[in-house]
Asker: 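Below is one structure. I have some questions about it.
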Amino acid sequence: MTSARLRWYTVAIIASAMLDASRRGQAQVASPHAFEPIAAVLSSPRCGNCHITGDALQGEDGRPHSINIRRGVDGRGTPAMRCGNCHQDVSSLTPHAPPGAPDWRLPPAATPLAWKGLAAGDQCRMLKDKTKNGGRTLADLLDHMSHDPLVVASWNPGPGRSLPPLSHDAFVQAFKAWIDTGAICPE
């Protein structure tokens, strides 16, 4: 290889490395900001009423569920009172009646992803932690956010309930953008 060609090759490698570093630096700045709209949705009553440390909540104010309802080990209630007894496959059209979706449930007791009241960075770290998210990868989480009937039902909770602050499509796009920029959590 000639010295001129070697110099050109070296310059090309250095330029490529600098471009990659620049992109990584941009992602380190962009990705934490990309999580902000996701955190706003996770903090909304639609997500916050199910992703809790306790047994069950209801209403926009997140009060304890009436008649002493319990999460149960699998998140589907206790043997005597299963969630599906009241929560049907679709939300009721009666204001403030039980919302619905197929297989209504809370996250299992072992992995509740209880992010209510957490800062965005703490929500993000918990969401990415496979020991807390049910063993899900980022691709699994994107699929969950995009297609799980319970998640999708959050945007059709029935009359008398607020909606998450983004449309479902915008939420999924924000989730993809966060992953595409490196899935870096805010501080």
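When a residue number appears, it is its place in the shown sequence, counting from 1. The shown structure was predicted, so the numbers you read here are calculated from the model rather than taken from an experiment.
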Asker: Specify whether Trp115 and His51 have parallel, tilted or perpendicular ring planes, treating 30° as the upper limit for parallel and 60° as the lower limit for perpendicular.
Answerer: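 Trp115 vs His51 ring planes: parallel.
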
Asker: So which heavy atom on Arg82 is nearest to which on Thr78, and how close?
Answerer: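 The pair with the smallest heavy-atom distance is CD-O, 3.0 Å.
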
Asker: Between Lys132 and Asp122, is a salt bridge (charged side-chain N to carboxylate O under 4.0 Å, His left out) present by the stated rule, with each step listed?
Answerer: CA-CA 12 Å; Lys132 296 179 180 178; Asp122 294 329; over 6 Å; no

Asker: How about Cys185 and Lys128: do any of their side-chain heavy atoms sit closer than 4.5 Å?
Answerer: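 Contact flag for Cys185/Lys128 side chains = yes.
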
Asker: Applying salt bridge (Lys or Arg N to Asp or Glu O under 4.0 Å), can you list everything that pairs with Asp140, at least two apart in sequence or on another chain?
Answerer: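 Applying salt bridge (Lys or Arg N to Asp or Glu O under 4.0 Å) to Asp140 gives none.
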
Asker: Do the side chain of Gln58 and the main chain of Ser66 share a donor and acceptor less than 3.5 angstrom apart?
Answerer: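 Between the backbone of Ser66 and the side chain of Gln58 there is a qualifying donor-acceptor contact (under 3.5 Å).
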
Asker: With a 4.5 Å cut-off on side-chain heavy atoms, are Met145 and Leu127 touching?
Answerer: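 In short, these two side chains touch, coming nearer than 4.5 Å.
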
Asker: Could you check whether Asp169 and Ser167, counting side-chain N and O atoms only, form a donor-acceptor pair closer than 3.5 Å?
Answerer: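 Side-chain D/A pair, Ser167 to Asp169: absent.
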
Asker: State yes or no: do Met126 and Leu106 share one hydrophobic cluster built from I, L, V, M, F, W and Y residues joined by side-chain heavy-atom distances below 4.5 Å, directly or via other members?
Answerer: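 Different hydrophobic clusters.
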
Asker: Taking the side chain as every heavy atom from C-beta outward, state whether Leu163 and Pro157 have any pair of such atoms under 4.5 Å apart.
Answerer: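 When only atoms from C-beta onward are counted, Pro157 and Leu163 do touch, with a gap below 4.5 Å.
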
Asker: For the residue pair Pro186 and Pro32, what are the closest heavy atoms and their distance?
Answerer: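 For Pro186 versus Pro32, the nearest heavy atoms are CG-O, 3.5 Å.
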
Asker: Spell out, as yes or no, whether a donor-acceptor pair under 3.5 Å connects the side chain of Ser91 to the backbone of Gly100.
Answerer: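 Yes, because the side chain of Ser91 sits within donor-acceptor range (under 3.5 Å) of the backbone of Gly100.
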
Asker: What class does the angle between the rings of Trp104 and His87 fall in, given that below 30° is parallel, 30 to 60° is tilted and above 60° is perpendicular?
Answerer: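 Geometry flag for His87 against Trp104: parallel rings.
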
Asker: Distance from Asp180 atom CG to Leu138 atom CG, nearest 0.5 Å?
Answerer: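 One finds 10.5 Å between CG of Asp180 and CG of Leu138.
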
Asker: Would you confirm whether Arg70, through its side chain, and Gly77, through its main-chain N or O, come within 3.5 Å as a donor-acceptor pair?
Answerer: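 Answer holds: no.
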
Asker: Can you check side chain to side chain contact (heavy atoms under 4.5 Å, CB included) on Val152 and His147, steps first, answer last?
Answerer: CA-CA 7 Å; Val152 174; His147 304 293; 5.8 Å; no

Asker: Any donor and acceptor pair, going by atom type alone, linking the side chain of Thr181 with main-chain N or O of Trp178 inside 3.5 Å?
Answerer: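 Looks like yes, one N/O pair under 3.5 Å.
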
Asker: Considering only heavy atoms from C-beta outward, does the side chain of Leu150 approach that of Asp103 to under 4.5 Å?
Answerer: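 When only atoms from C-beta onward are counted, Asp103 and Leu150 do not touch, as no gap falls below 4.5 Å.
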
Asker: Which is it for Leu142 and Val172 under the side chain to side chain contact (heavy atoms under 4.5 Å, CB included) test, yes or no, and what are the steps along the way?
Answerer: CA-CA 7 Å; Leu142 177 59; Val172 170; 4.2 Å; yes

Asker: Check the pair Val151, His144 against side chain to side chain contact (heavy atoms under 4.5 Å, CB included), reporting the backbone distance first and the verdict last.
Answerer: CA-CA 7 Å; Val151 173; His144 172 69; 3.4 Å; yes

Asker: Could you tell me which non-hydrogen atom of Ile38 sits nearest to which non-hydrogen atom of Ala34, and how far apart they are?
Answerer: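 Shortest heavy-atom separation between Ile38 and Ala34 comes out as CD1-O, 3.9 Å.
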
Asker: When the ring planes of Phe171 and His168 are compared, do they come out parallel, tilted or perpendicular, using 30° and 60° as the limits?
Answerer: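 Phe171 vs His168 ring planes: tilted.
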
Asker: What closest approach, in Å, do Gly134 and Thr111 show between heavy atoms, and which atom pair accounts for it?
Answerer: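 That would be N-CG2, 3.9 Å.
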
Asker: Are the side chains of Phe35 and Gln123 in touch, meaning some heavy atoms are under 4.5 Å apart?
Answerer: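 They are in contact (side-chain heavy atoms under 4.5 Å apart), so the answer is yes.
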
Asker: For Asp55 and Ile69, what are the C-alpha separation, side-chain angles and deciding distance, and is it a side chain to side chain contact (heavy atoms under 4.5 Å, CB included)?
Answerer: CA-CA 7 Å; Asp55 280 319; Ile69 300 297; over 6 Å; no

Asker: Mark yes or no for whether Ser92, through its side chain, and Pro98, through its backbone, hold a donor-acceptor pair below 3.5 Å.
Answerer: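 No.
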
Asker: To the closest 0.5 Å, what do you measure between CZ (Arg161) and OG (Ser154)?
Answerer: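 The OG atom of Ser154 is 11.0 Å from CZ of Arg161, to the nearest 0.5 Å.
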
Asker: With heavy-atom distances below 4.5 Å as the criterion, would you say the side chains of Pro108 and Arg71 are in contact?
Answerer: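 Of all side-chain heavy-atom pairs linking Arg71 with Pro108, none is under 4.5 Å.
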
Asker: Measure the CG-CG distance between Leu113 and Asp129 for me, rounded to the nearest 0.5 Å.
Answerer: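 With rounding to 0.5 Å, CG (Leu113) is 9.0 Å from CG (Asp129).
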
Asker: Where is the tightest heavy-atom contact between Ala120 and Ala39, given as atom of each residue plus distance?
Answerer: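 Result for this residue pair: CB-CB, 3.6 Å.
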
Asker: Distance-only, no hydrogens or angles: does the Arg136 side chain make a donor-acceptor pair with backbone N or O of Lys130 under 3.5 Å?
Answerer: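 No; judged by distance alone, with no hydrogens or angles, the pair does not exist.
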
Asker: Would you check if the side chain of Gln88 reaches a backbone N or O of Gly84 as a donor-acceptor pair within less than 3.5 Å?
Answerer: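 Here the side-chain-to-backbone pair exists.
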
Asker: Answer yes or no: is there a side-chain heavy-atom contact under 4.5 Å between Arg46 and Val41?
Answerer: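 A side-chain contact under 4.5 Å is absent here.
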
Asker: Compare all side-chain heavy atoms of Pro112 with those of Thr53 and state whether any distance is below 4.5 angstrom.
Answerer: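 Answer no - side chains too far apart.
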
Asker: Given the rule that I, L, V, M, F, W and Y join up when any side-chain heavy atoms are under 4.5 Å apart, are Trp155 and Leu42 in one cluster?
Answerer: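 Yes; Leu42 is reachable from Trp155 via cluster members.
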
Asker: For Ser44 and Pro164, indicate whether the former's side chain and the latter's backbone hold a donor-acceptor pair under 3.5 Å.
Answerer: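 Not confirmed, Ser44 side chain does not pair with Pro164 backbone.
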
